[in-house]
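Working notes, beginning with the structure itself.
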Amino acid sequence: MKLVLAVVNNDDSAIVTSALTNEGFFVTTLSTTGGFLMAGNRTLMIGTDDDKVDKIKELLAQYCSTRTQKTPQLGRGLNNGSLAEEVKVGGATYFVLDVNEFGKV
Ligand code: 2BA
């Protein structure tokens, strides 16, 4: 079993979560904040069988679009003036972790 953690844009989180649940995946969403932009995003937690991870990646790619966002001048952890004023934010950043145990009691 695997646990997929996917950081997605707030604007994409509802549609991608719907698409995942419609495909039978169980999803938990967490409100998170990117350390660079200091802007809200969503982290999806999806526990699933190993052979279904590719389907999750496919849906993330289909429903999460890449966009360009301005870097704020204030409220960011790093602000040394040498950074680009805009950054390309990926559609989804995901991690796939092995799950030692899964249960419901
Ligand atoms: P943020 O940390 O707010 O980063 C937003 C975008 O800013 C990143 O897009 C990247 O283009 C740029 N960026 C981030 N850190 C940077 C740095 N130290 N120097 C220059 N540019 C930087 P993405 O890479 O698509 O990441 C989108 C969001 O996914 C991130 O929001 C963060 O919440 C999460 N994320 C990405 N990579 C991660 C990682 N290795 N570990 C944990 N979270 C990650």
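Along the sequence shown, residues carry numbers from 1. Remember, it's 1-based here, ligands and their atoms both numbered in the order they're listed.
Remark: D11 does not engage R42 in a salt bridge, criterion side-chain N to carboxylate O under 4.0 Å.
Considering backbone and side-chain atoms together, T33 places no N or O closer than 3.5 Å to any N or O of ligand 1. Looking at ligand 1, you'll find an N or O of L37 within less than 3.5 Å of one of its N or O atoms. Annotation: F36 places an N or O atom under 3.5 Å from an N or O atom of ligand 1; distance criterion only.
Contact annotation for T71 and ligand 1: no heavy atom of the residue comes within less than 4.0 Å of the ligand. Contacts between F95 and ligand 1 below 4.0 angstrom, taking non-hydrogen atoms only, involve the side chain exclusively. For Q69, no heavy-atom contact with ligand 1 is shorter than 4.0 Å.
Which parts of ligand 1 touch G90 is read off a 4.0 Å heavy-atom cut-off, strictly below it: atoms 23 (P), 25 (O).
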Item to check | side-chain contact (heavy atoms from CB on, under 4.5 Å) evaluation trace for L60 with V8 | outcome: CA-CA 8 Å; L60 291 172; V8 305; 4.2 Å; yes
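When D98, D49, D51 are each tested for a side-chain hydrogen bond (donor to acceptor under 3.5 Å, both in side chains) with K2, only one passes: D98.
Using a 4.5 Å cut-off on side-chain heavy atoms (C-beta onward), L5 and L44 make no contact. Residues R67 and D12 meet the side-chain proximity criterion, which asks for heavy atoms closer than 4.5 Å. Two residues are said to be in side-chain contact when any heavy atoms from C-beta on lie closer than 4.5 Å; V89 and T66 fail this criterion.
At least one heavy atom of G35 sits less than 4.0 Å from an atom of ligand 1.
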